[in-house]
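Quick note: numbers below take in every heavy atom, side chains included, and nothing from hydrogens, waters or symmetry partners. All chains are named by letter (A, B, ...) in the order of the sequence lines, taking the proteins before the strands, and each is independently numbered beginning at 1. Keep in mind that this is a model prediction, so the values were computed, not measured.
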Amino acid sequence: MDNNFTIYNSLSRKKELFKPLHAPFVGMYVCGPTVYSHPHLGHARPAVTFDMLFRYLTYLEYKVRYVRNITDVGHLENDADEGEDKIEKKARLEHLEPMEVVQKYLNSFEKNMQDLNTLHPSIEPRASGHIIEQIELVKEILEKGYAYEVNGSVYFDVLKYSKKYDYGKLSGRVLEDLQANTRNLEGQDEKKNPFDFALWKKATPEHLMRWPSPWSVGFPGWHLECSAMSTKYLGDVFDIHGGGMDLLFPHHECEIAQSTAAKGKAPVRYWVHNNMITIDGQKMARSLGNFITLDQLFKGDHPLLQQAYTPMTIRFFLLQAHYRSTVDFSNEALQAAEKGLQKLMKAGETLKKLKPSLTSTADIPALWENCHEAMDDDLNSPILLSHLFEGVKYINSANDGTEELTAADIESLKKLFNAFVFDILGLRDEASAGNDEKLTDDLMEIIINLRQDAKNKKEWGTSDKIRDELKSAGIILKDLKDGADWSKE
RNA sequence: GGUCGGUUUACCGAGUGGCUAGGUAGCGGUCUGCAAAACCGUUUACGGCGGUUCGAAUCCGCCACCGACCUCCA
């Protein structure tokens with residue numbers, strides 16, 4: 001299976017030609033959410049990015065197994081909560097079972113992912129369902145001599161590991177620097193070195209989520225689940241591991257160390273990281289008051305939002321930026337995206353009604369070529385969109401009669417739209433989605449005919465009234481040379 | 001403090017040496033009873049200072065500013 005698909009590998013810091021280990025099969029693991037609160041804007045970025053990657057690999061006819069974990073055992077907090085488990089903290093506040101909290105926010109996540117039109121991963125394993133695998137992995141690392149037990153907790157021995165392997169190769173960290181810069185945190189006294197990390201932690205008495213293990217009743221360290229689950233479902237070595245750039249260190253670095261220590265080889269061939277988002281140029285944080293959940297965004301229910309933005313507007317907006325760039329959310333930018341998306345979708349509708357000519361004045365094969373090139377170049381969705389808008393121009397011009405397209409080219413354009421707009425970018429026409437289209441079409445035809453009668457009699461008051469009232473019902477009427485066209489707002 | 005990344009026209013956002021993406025907004029025009037849409041044309045650029053080069057937004061150096069990570073996080 002030949003392709004020209006290149007992807008930026010964080011490990012080599014270069015774009016590399018993508019060659020799967022066992023073509024046509026591709027294994028892809030992406031760090032999923034910790035389900036302890038409603039999904040927010042930040043969750044949308046990796047979801048859309050890796051959905052697009054999944055979709056493109058599938059388009060290239062690879063058989064992809066896409067695994068995205070659900071972290072539901074909670075991670076330790078190091079702030080004022082003194083290491084209290086996040087999920088437990090929330091559970092006490094809301095007087096719910098920890099798993100009840102998990103379920104609630106998991107449902108919320110699943111719903112938002114559907115809103116954004118992301119495809120389900122092949123497997124969505126939960127950390128709580130893989131405690132045994134995690135314990136086995138800790139045993140393996142202990143057997144290989146890269147971990148040590150202290151008071152029922154097990155820590156990874158980074159210094160020993162670094163004598164044989166390269167700790168820091170992904171994030172560019174140097175061990176000496178880490179040693180010099182690591183803060184003094186609570187509960188670090190058990191470790192040999194401050195940069196060691198927990199594989200298993202003994203539970204304190206108030207810790208609710210706990211499982212038996214050979215070392216103590218406790219819980220797994222926070223890097224362990226990804227190593228255990230990726231190995232279980234994708235093998236010791238697999239093709240792609242994705243996640244946000246913020247996870248590069250320490251999370252992914254530790255994953256590499258854990259798997260390498262256990263299996264003797266690096267687990268991942270291509271590390272892919274999406275960049276972060278900002279809001280009006282600032283990092284999103286609760287303390288800055290610009291923390292926006294996806295539901296708030298879809299409903300316009302936040303002081304910073306001038307209006308609601310549909311899931312597809314968000315998706316389109318994210319795709320207008322390259323996944324490795326930061327992307328800045330603002331009302332102005334989102335409104336621009338909304339208009340752009342409408343233009344694209346409208347052209348898709350116009351395409352269906354286009355009348356063929358005997359010759360073509362546009363080069364559709366070149367357009368295909370350009371679209372492929374854009375995606376092959378490290379998923380350059382903004383460039384792809386710019387080419388698609390070239391297609392939009394052809395379509396609208398052909399509709400206006402200033403450009404000509406043969407029946408074959410029109411057919412080719414339809415295929416191109418289906419492939420790139422819908423299958424690969426995963427956009428969805430929200431306006432035309434749904435309900436009783438036939439009936440609506442018939443009704444609109446009647447109304448338009450009545451209005452035409454009024455216009456023929458030059459009863460402009462009547463014709464304008466019809467148009468205005470349709471507008472207040474959310475229907476836009478446009479007069480053409482002969483007849484009229486309509487669309488939903 | 002350390003490591004890494006960024007600073008592009010009104011806004012968003014591509015672009016790694018010459019060919020000035022794209023979307024949105026603005027302006028002018030075509031069309032039109034009016035309006036909208038569409039189409040055509042068009043305005044405002046590459047943080048600062050130096051260097052390399054016939055030629056730099058693009059390469060190098062310094063400075064300024066912004067951000068990420070180093071600590072739970074997408």
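Using a 3.5 Å distance cut-off with no hydrogens or angles, the side chains of A:Thr350 and A:Asn399 do not pair a donor with an acceptor. No side-chain N or O of A:Asn275 forms a donor-acceptor pair with one of A:Ser325 less than 3.5 Å apart. Between the side chains of A:Asp409 and A:Ser360, at least one donor-acceptor pair of N or O atoms lies under 3.5 Å. Using modelled atom types, one finds no donor on one side chain facing an acceptor on the other under 3.5 Å when comparing A:Glu255 with A:Ser227. In this structure, a donor-acceptor pair under 3.5 Å is present between the side chains of A:Glu404 and A:Thr359.
The ring-ring contact (aromatic ring centres under 6.0 Å, His included) check on A:Phe156 picks up A:Tyr161, A:Phe197, with sequence neighbours excluded. Residues passing the ring-ring contact (aromatic ring centres under 6.0 Å, His included) test with A:Phe50, sequence neighbours excluded: none. For A:Tyr270, the ring-ring contact (aromatic ring centres under 6.0 Å, His included) partners are A:Phe18, not counting sequence neighbours.
Contact check, A:Ser325 against B:rA14: a side-chain N or O comes under 4.0 Å of OP1 or OP2. When the side-chain nitrogen and oxygen atoms of A:His322 are compared with OP1 and OP2 of B:rA14, none of them lie within a distance under 4.0 Å. At B:rG15, one or more side-chain N or O atoms of A:Asn380 fall inside 4.0 Å of OP1 or OP2 (strictly under the cut-off). Residue A:Thr278 has no polar side-chain atom (N or O) positioned under 4.0 Å from OP1 or OP2 of B:rA68.
Rounding to whole angstrom units, CD1 of residue A:Ile277 and P of B:rC69 are separated by 12 Å. Distance, A:Met276 CE to B:rG67 P: 15 Å, rounded to whole Å. Distance NZ (A:Lys201) to C1' (B:rC72): 14 Å, rounded to an integer number of Å. Atom CG in A:Leu175 sits roughly 14 Å away from atom C1' in B:rU3 (whole-Å rounding). A:Asn456 places its CG atom 12 Å from the P atom of B:rG33, with the value rounded to the nearest Å. Distance, A:Arg45 CZ to B:rG67 C1': 14 Å, rounded to whole Å. Rounded to whole angstrom, the span from the CD1 atom of A:Ile383 across to the P atom of B:rC12 amounts to 18 Å. Distance CD (A:Gln320) to P (B:rA21): 17 Å, rounded to an integer number of Å.
Annotation: cation-pi pair A:Arg13/A:Tyr8 absent, no NZ/CZ under 6.0 Å from the ring centroid and within 45° of its normal.
Taking the C1' atoms as reference points, B:rG18 lies 24 Å from B:rU7, given to the whole Å. With both ends at atom P, the span from B:rA10 to B:rC27 equals 16 Å, rounded to whole Å. Separating the P atom of B:rG13 from that of B:rU24 is a span of 16 Å, rounded to the nearest Å. B:rG5 and B:rG47 have their C1' atoms separated by 16 Å, with the value rounded to a whole Å. B:rC46 and B:rU32 have their C1' atoms separated by 41 Å, with the value rounded to a whole Å. The same atom, P, is picked in B:rU16 and in B:rA21; the two are 13 Å apart, to the nearest Å. Annotation: B:rG61 and B:rA25 have their C1' atoms spaced 39 Å apart (nearest Å).
Separating the CD1 atom in A:Ile256 from the NZ atom in A:Lys169 is a distance of 5.5 Å, to the nearest 0.5 Å.
Judged by closest nucleotide on RNA chain B, A:Asp377 is the one of A:Asp377 and A:Ala337 placed further toward the 5' end. Nearest-nucleotide mapping onto RNA chain B: of A:Phe317 and A:Pro33, the residue sitting toward the 5' end is A:Phe317.
A:His273 and A:Trp271 have parallel rings, their planes meeting at less than 30° on a 0 to 90° scale where 60° marks the start of perpendicular. Ring planes of A:His223 and A:His251: tilted class, angle from 30 to 60°. Using the six-membered ring where Trp is involved, A:His372 and A:Phe420 have ring planes that are perpendicular, over 60° apart on the 30 and 60° scheme.
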So which protein N/O to nucleotides 25-29 of chain B N/O distances come out below 3.5 Å?
from, atom 1, to, atom 2, distance (Å)
B:rA25, OP1, A:Lys339, NZ, 3.4

Hey, what are the protein-to-nucleotides 6-11 of chain B N/O distances that come in under 3.5 Å?
from, atom 1, to, atom 2, distance (Å)
B:rC11, O2', A:Glu332, OE1, 3.4

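The side chain of A:Trp222 has B:rC73 as its nearest neighbour among B:rC73, B:rG22, B:rC12. When the nucleotides B:rC4, B:rC70, B:rG22 are ranked by their closest atom to the side chain of A:Arg13, B:rC4 comes out on top.
Figure legend. B:rA37 is base-paired to no nucleotide; pairs are counted as Watson-Crick or G-U wobble with both atom distances under 3.5 Å. Remark: B:rA10 base-pairs with B:rU24; criterion is Watson-Crick or G-U wobble with both hydrogen-bond distances under 3.5 Å.
For the pair A:Trp460 and B:rG33, the ring geometry qualifies as stacking, because the centroid separation is below 5.5 Å while the planes lie within an angle under 30°.
Across all strands, A:His387 comes closer than 4.0 Å to no nucleic acid atom at all (heavy-atom distances). Using a 4.0 Å heavy-atom cutoff across all strands shown, A:Gly244 reaches sugar-phosphate atoms only and no base atom. A:Asn275 comes within contact range of no nucleotide atom at all, as no heavy-atom separation falls under 4.0 Å.
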Summary of protein contacts for nucleotides 35-40 of chain B, nucleotide by nucleotide, where a base hit scores B, a sugar-phosphate-only hit scores S (4.0 Å, heavy atoms): BBSBSS
Can you list the steps and then say if A:Tyr56 with A:Phe5 is a ring pair (Phe, Tyr, Trp, His ring centres under 6.0 Å)? CA-CA 10 Å; A:Tyr56 191 55; A:Phe5 176 46; 5.4 Å; yes
